[in-house]
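Structure first, then comments.
Each chain gets a letter, A, B and so on, in the order the sequences are listed, and its residues count up from 1. In what follows, every heavy atom counts, from backbone to side chain, and hydrogens, waters and symmetry copies are set aside.
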Protein chains: 2
Amino acid sequence: MDRKIATIQDVARAAGVSAATVSRTLSRPAVVAEATREAVLSAIAQTGYRVNATASNLRRQRTGTVIVLLPNIANPFFSQILAGLSSILTPARYGMLIADTKSGPDPQDRLADYLASGQADGLVVLDGTISPATLEMPSRPPAVAVCEWTQSAMPSVRVENDRGAALAVAHLAELGHRRIGHVAGPPANVLTRARLEGYRRALEMHGLPVRDDWVLEGDFTMASGAAAAEVWLAMAERPTALFLSSDEMAVGFIGAVQRAGFRVPRDVSIVGFDNIEIAQHLSPPLTTIRQPRTRLGIRAAEILLSMIESGTRDERSEVIEVELILRGSSGPPPAGTR
Amino acid sequence: MDRKIATIQDVARAAGVSAATVSRTLSRPAVVAEATREAVLSAIAQTGYRVNATASNLRRQRTGTVIVLLPNIANPFFSQILAGLSSILTPARYGMLIADTKSGPDPQDRLADYLASGQADGLVVLDGTISPATLEMPSRPPAVAVCEWTQSAMPSVRVENDRGAALAVAHLAELGHRRIGHVAGPPANVLTRARLEGYRRALEMHGLPVRDDWVLEGDFTMASGAAAAEVWLAMAERPTALFLSSDEMAVGFIGAVQRAGFRVPRDVSIVGFDNIEIAQHLSPPLTTIRQPRTRLGIRAAEILLSMIESGTRDERSEVIEVELILRGSSGPPPAGTR
DNA sequence: CGCTTGCCTGCAAACGATTACATCATCGCC
DNA sequence: GGCGATGATGTAATCGTTTGCAGGCAAGCG
């Protein structure tokens, strides 16, 4: 009988027990007698039975699915977090439903749909721009945010963005730079604000000039890094070093200034943020702030799972450490600029 | 009553009709009387009813979910395809269940689980190394592969890998190169074979030497590209140009030879494959073969959907065109090497 | 020997939707 | 006026599991 999938009834019949006993054998083996258990297990093996998750979920009022909200799947930054999430959720037999908040019609509505219809046991929010109101549904499942999130009381996992920025600035200051610029992320993003703040405070702490015209606006993409390079090239008084809020922007920036005939770090020092894989393969390799994205995903998944399984709303948030990775894109400032 | 989610029964009661009528109003509005329909719709709005997908799926013997098998979520190459898939599947109200075939215990078994328990209405295979046997389950749902796939009769969407390789070689040959090497992908991967074959045939067609020691083995990663560079650097008689089977490997290769003091394309010309975003931001920008990854995902999703909805096994495969993108990493060979 | 106590197991009722079939009213037509 | 056709709605079975409850049986105890 290869045609149809065996049901719990088929197994029960084969083992000469009731469906209830089969179910118990699977969920709480301890309560069924040894002999029965063996009979059931062999019947399962023989019939090739697999529990039908849909039926099980319906009965148990759960879904076995976690929704992951992100603004853009194609961004490698998020995919690393996804990998971390997956490494925890998959073994725990939870599926991940990826919801691209930017694609498709009416994403807000679709989201509400998912949440309200109990489509998911949990929610991971990677999109820093989702309106918190959307998430305040009466019957929202446990959720965890992977970014700072001030408005909502949702537990979160995040990195020390301000400290990362401070590390970058401190490193450049120690090298002797006194004119340190910054390329920020999109203004609406919470990460942007934290890193910008960290940058500003670190400059002050080192007694360095804080100049608004040395803070350029980007959007984390390579293209915006390249655009920032054009602005830098056109400046009358250029910073001798730049801290960029993402490695991707740093890649774009470095490529653009190199093509314009400048050398890194001889003419300008660069520090990125993220430590994406390519950072070490660039020439020069990129000095950056390591952000353990896989770990972010892992911790988020762990927190979410514990909330789901315990049924409690754990409000504990977690901050993950960052670290300066010293490579070749930062060096002493050009002579005569001190 | 914000506590619990309204069921179809609640709606029926509120509208003064039976549950069946509510269901019909939603699925086949034409068959219910105008007045009834309005009453039902207003009751739905009033109760905030959302159909419970789990129950619906159980009854209709479907899942509303498509499984996507991939070897590594964190790879930006795949995430672009995912974005394409998502842009079609999400509006069609199918969820994507991402299954990382490399993570977690016993991936093969987990996969079999998913398929056998009818967890999914469809399957997208992005992993070129999955054993076809695994996919030949008696009750496998419609599936589509996004790569060449010779063993199985599964429909597929793929790019002209051999032609891409030929384009790369032709370009280098036209520039005057006569010693053209190749860095291949992992041997088990079908893409590897197609590109390697295309490379070899193109060399022959141009009357150029085909030397096995000029074919290096990689695995598509930047690290393996850097490793290939070490091998190249140590060669007694070096190729003056290389075609690499992925842009990531090209990035690793270029970085490594640049750090060793070589210049691209002055000392060696490089052509990659994929046209990932970073290609244009490198210095020099990377000449490569464009592979429309988003479109691959879109077409795969469209084919899969049509198979699911029509219930037929559409065996049609589709080949998507590639294109040579001319940038700065390729140029004439060093003097005296012709 | 009778009664309590545990241990297993089966019965049957959910879970929430869909849909084949039955029912009933209405209408048109001869 | 009777009869079939048509259209709208309700009834109830069904999808495959899980689980509260109860029953049966054996052992232990007084």
Side-chain angles (χ1 to χ4, degrees), chain A residues 1 4-41 43-44 47-65 93 113-114 116-121 139, chain B residues 1 4-41 43-44 47-65 93 113-114 116-121 139:
Chain A
M1 195 57 89
K4 295 204 80 65
I5 311 163
T7 75
I8 203 171
Q9 303 291 348
D10 300 328
V11 177
R13 214 170 301 126
V17 298
S18 76
T21 301
V22 177
S23 176
R24 276 188 289 254
T25 306
L26 260 21
S27 54
R28 293 191 311 277
V31 307
V32 318
E34 171 94 28
T36 320
R37 195 187 324 145
E38 275 166 19
V40 170
L41 290 179
I44 288 177
T47 54
Y49 169 73
R50 308 273 174 164
V51 7
N52 178 317
T54 308
S56 171
N57 288 337
L58 174 59
R59 175 60 229 240
R60 293 165 55 202
Q61 300 285 78
R62 45 155 274 165
T63 66
T65 306
R93 317 207 104 240
D113 238 42
Y114 270 133
S117 62
Q119 282 272 30
D121 299 331
S139 57
Chain B
M1 195 58 87
K4 296 204 81 53
I5 311 163
T7 75
I8 202 171
Q9 303 290 348
D10 301 329
V11 176
R13 214 170 300 125
V17 299
S18 76
T21 301
V22 177
S23 177
R24 275 189 291 254
T25 306
L26 260 20
S27 54
R28 293 191 312 277
V31 307
V32 318
E34 171 95 27
T36 319
R37 195 189 322 147
E38 275 166 18
V40 170
L41 290 178
I44 287 177
T47 53
Y49 169 72
R50 308 272 175 166
V51 7
N52 178 317
T54 309
S56 171
N57 288 336
L58 174 59
R59 175 60 230 241
R60 292 165 53 201
Q61 302 284 78
R62 46 153 278 165
T63 67
T65 306
R93 317 209 101 241
D113 238 42
Y114 271 133
S117 61
Q119 281 272 31
D121 299 332
S139 56

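Taking only distance into account, the side chain of Arg59(B) meets the base of dT18(C) through a donor-acceptor pair shorter than 3.5 Å.
Look at Gln61(A) and you'll find a side-chain N or O under 4.0 angstrom from OP1 or OP2 of dG16(C).
In terms of heavy atoms, Arg37(A) sits closest to Pro29(A) at NE-O, 3.4 Å. Considering all non-hydrogen atoms of both residues, Ala55(B) and Leu58(A) come closest at CB-CD1, 3.8 Å.
The structure places CG of Leu26(B) at 6.5 Å from OH of Tyr49(B), a figure rounded to the nearest 0.5 Å. Rounding to the nearest 0.5 angstrom, the gap separating the CG atom in Asn57(A) from the CG atom in Asn57(B) is 10.0 Å.
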Show the distances under 3.5 angstrom between N or O atoms of the protein and N or O atoms of nucleotides 5-9 of chain D.
| from | atom 1 | to | atom 2 | distance (Å) |
| --- | --- | --- | --- | --- |
| dT9(D) | OP1 | Thr36(B) | OG1 | 2.1 |
| dT9(D) | OP2 | Ala33(B) | N | 2.9 |
| dT9(D) | OP2 | Thr36(B) | OG1 | 3.4 |

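Closest to the side chain of Arg60(A), from the set dT18(D), dT18(C), dA17(C), is dT18(D).
Mapped onto DNA chain D by nearest heavy atom, Ala20(B) and Ser23(A) fall at different nucleotides, with Ala20(B) at the one closer to the 5' end.
Leu58(B) places its CG atom 17 Å from the P atom of dA13(D), with the value rounded to the nearest Å. A straight line from CZ of Arg28(B) to P of dT18(C) spans 10 Å, rounded to a whole angstrom.
Ser56(A) comes within 4.0 angstrom of sugar-phosphate atoms only, judged by non-hydrogen atoms across all strands, and of no base.
In the helix from dC1(C)-dG30(D) to dC30(C)-dG1(D), the rotation axis of the first five pairs and that of the last five pairs differ in direction by 60°, rounded to 10 degrees.
With sequence neighbours left out, the side chain to side chain contact (heavy atoms under 4.5 Å, CB included) criterion links Ala14(B) to Ala43(B), Thr47(B).
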